[in-house]
Novice: 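One structure, as structure tokens, below. Some questions next.
Because only heavy atoms are used, hydrogens play no part in the values below, and waters and symmetry mates are left out as well, while side chains stay in. As the structure is a prediction and not an experimental result, all values here were calculated from the model.
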Amino acid sequence: MAATSRAYSAPSQKATEQAAHRERLRQALPDTVNRLQQRHADQIDAKDIEDYVALNWLEWHGGGLRLTITGRNVRAQLAPTAV
């Protein structure tokens with residue numbers, strides 16, 4: 001029997017950077033939502049808003065931003081759990 005081996009390929013630098021950026025956005029999401037609720041969207045970086053929309057965590061609605069169901073789930077993952 002011939003053994004099939006797969007060579008391990010390390011993640012590319014670009015993939016690593018994208019994962020780090022996504023994690024930074026995930027960690028910042030609760031603060032972003034708080035700023036939106038307090039009507040301080042001007043304090044959120046425009047590029048971050050674009051990225052949140054691209055990730056489907058925020059959506060434009062009636063000229064404003066709101067959290068999507070996906071965004072709510074991501075935010076819920078970050079909430080401390082009661083023991």
Side-chain angles (χ1 to χ4, degrees):
M1 286 184 157
T4 305
S5 65
R6 289 188 172 186
Y8 172 76
S9 63
S12 69
Q13 182 177 353
K14 182 176 181 179
T16 303
E17 289 172 1
Q18 287 174 338
H21 179 64
R22 183 179 174 122
E23 180 60 21
R24 184 190 65 75
L25 289 171
R26 192 174 82 84
Q27 294 296 324
L29 186 60
D31 186 50
T32 300
V33 172
N34 287 338
R35 288 180 180 178
L36 291 174
Q37 290 172 342
Q38 296 172 0
R39 304 202 184 279
H40 293 291
D42 61 316
Q43 296 175 357
I44 304 168
D45 186 79
K47 176 67 172 126
D48 286 352
I49 291 173
E50 289 177 20
D51 292 342
Y52 282 127
V53 171
L55 287 167
N56 194 35
W57 295 357
L58 293 177
E59 66 183 353
W60 289 104
H61 180 75
L65 285 166
R66 71 177 179 185
L67 203 56
T68 64
I69 292 172
T70 305
R72 282 187 225 135
N73 290 338
V74 172
R75 189 174 74 168
Q77 292 170 0
L78 296 169
T81 57
V83 178

Novice: Listed by chain and number, what are the side-chain hydrogen bond (donor to acceptor under 3.5 Å, both in side chains) partners of Gln38, not counting sequence neighbours?
Specialist: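 Partners of Gln38 by the side-chain hydrogen bond (donor to acceptor under 3.5 Å, both in side chains) criterion come out as none, since no residue qualifies.
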
Novice: I'd like to check the side-chain hydrogen bond (donor to acceptor under 3.5 Å, both in side chains) partners of Glu17; sequence neighbours left out, ordered by chain and number.
Specialist: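 For Glu17 the side-chain hydrogen bond (donor to acceptor under 3.5 Å, both in side chains) partners, ignoring immediate neighbours, are Gln13.
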
Novice: Tell me, do His21 and Thr16 make a side-chain contact under 4.5 Å, heavy atoms counted?
Specialist: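 Not touching, per the 4.5 Å side-chain cut-off.
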
Novice: Suppose the criterion is side-chain hydrogen bond (donor to acceptor under 3.5 Å, both in side chains): which pairs have a residue in residues 69-78, not counting sequence neighbours?
Specialist: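 side-chain hydrogen bond (donor to acceptor under 3.5 Å, both in side chains) check on residues 69-78 returns no pairs.
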
Novice: Which pairs, with at least one residue in residues 35-46 and sequence neighbours excluded, count as a salt bridge (charged side-chain N to carboxylate O under 4.0 Å, His left out)?
Specialist: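 Sorted pair list: Asp31-Arg35.
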
Novice: Could you list who else is in Ile69's hydrophobic cluster, with ILVMFWY side chains joined at under 4.5 Å, directly or through other members?
Specialist: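 Once heavy-atom contacts under 4.5 Å are chained together, Ile69 still belongs with nothing else.
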
Novice: Could you work out, with side-chain contact (heavy atoms from CB on, under 4.5 Å) as the rule, every residue matching Leu55, not counting sequence neighbours?
Specialist: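 Counting only residues at least two positions away or on another chain, Leu55 forms a side-chain contact (heavy atoms from CB on, under 4.5 Å) with Arg22, Leu25, Trp57.
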
Novice: Quick one: CZ on Arg26 to CG on Leu78, what's the gap to the nearest 0.5 Å?
Specialist: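 Answer for the CZ-CG pair, Arg26 versus Leu78, is 4.5 Å.
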
Novice: Between Leu67 and Leu58, is a side chain to side chain contact (heavy atoms under 4.5 Å, CB included) present by the stated rule, with each step listed?
Specialist: CA-CA 5 Å; Leu67 203 56; Leu58 293 177; 3.8 Å; yes

Novice: Determine which pairs satisfy salt bridge (charged side-chain N to carboxylate O under 4.0 Å, His left out) with at least one residue from residues 53-69, sequence neighbours left out, and list them in order.
Specialist: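 For residues 53-69, and leaving out neighbouring residues, the salt bridge (charged side-chain N to carboxylate O under 4.0 Å, His left out) pairs sorted by first residue read Glu59-Arg66.
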
Novice: In chain order, what residues pass the side-chain contact (heavy atoms from CB on, under 4.5 Å) check against Ala28, with sequence neighbours excluded?
Specialist: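 If we apply the side-chain contact (heavy atoms from CB on, under 4.5 Å) test to Ala28, skipping adjacent residues, the hits are Thr32, Tyr52.
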
Novice: Can you name the salt bridge (Lys or Arg N to Asp or Glu O under 4.0 Å) partners of Lys47, sequence neighbours left out?
Specialist: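 Residues passing salt bridge (Lys or Arg N to Asp or Glu O under 4.0 Å) with Lys47: Asp51.
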
Novice: State, yes or no, whether a side-chain contact exists between Leu65 and Ile49 at a heavy-atom distance under 4.5 Å.
Specialist: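 Yes, side chains in contact.
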
Novice: Looking only at non-hydrogen atoms, find the nearest pair between Leu36 and Ala41 and report the distance.
Specialist: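 That closest heavy-atom pairing would be CD2-CB, 3.8 Å.
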
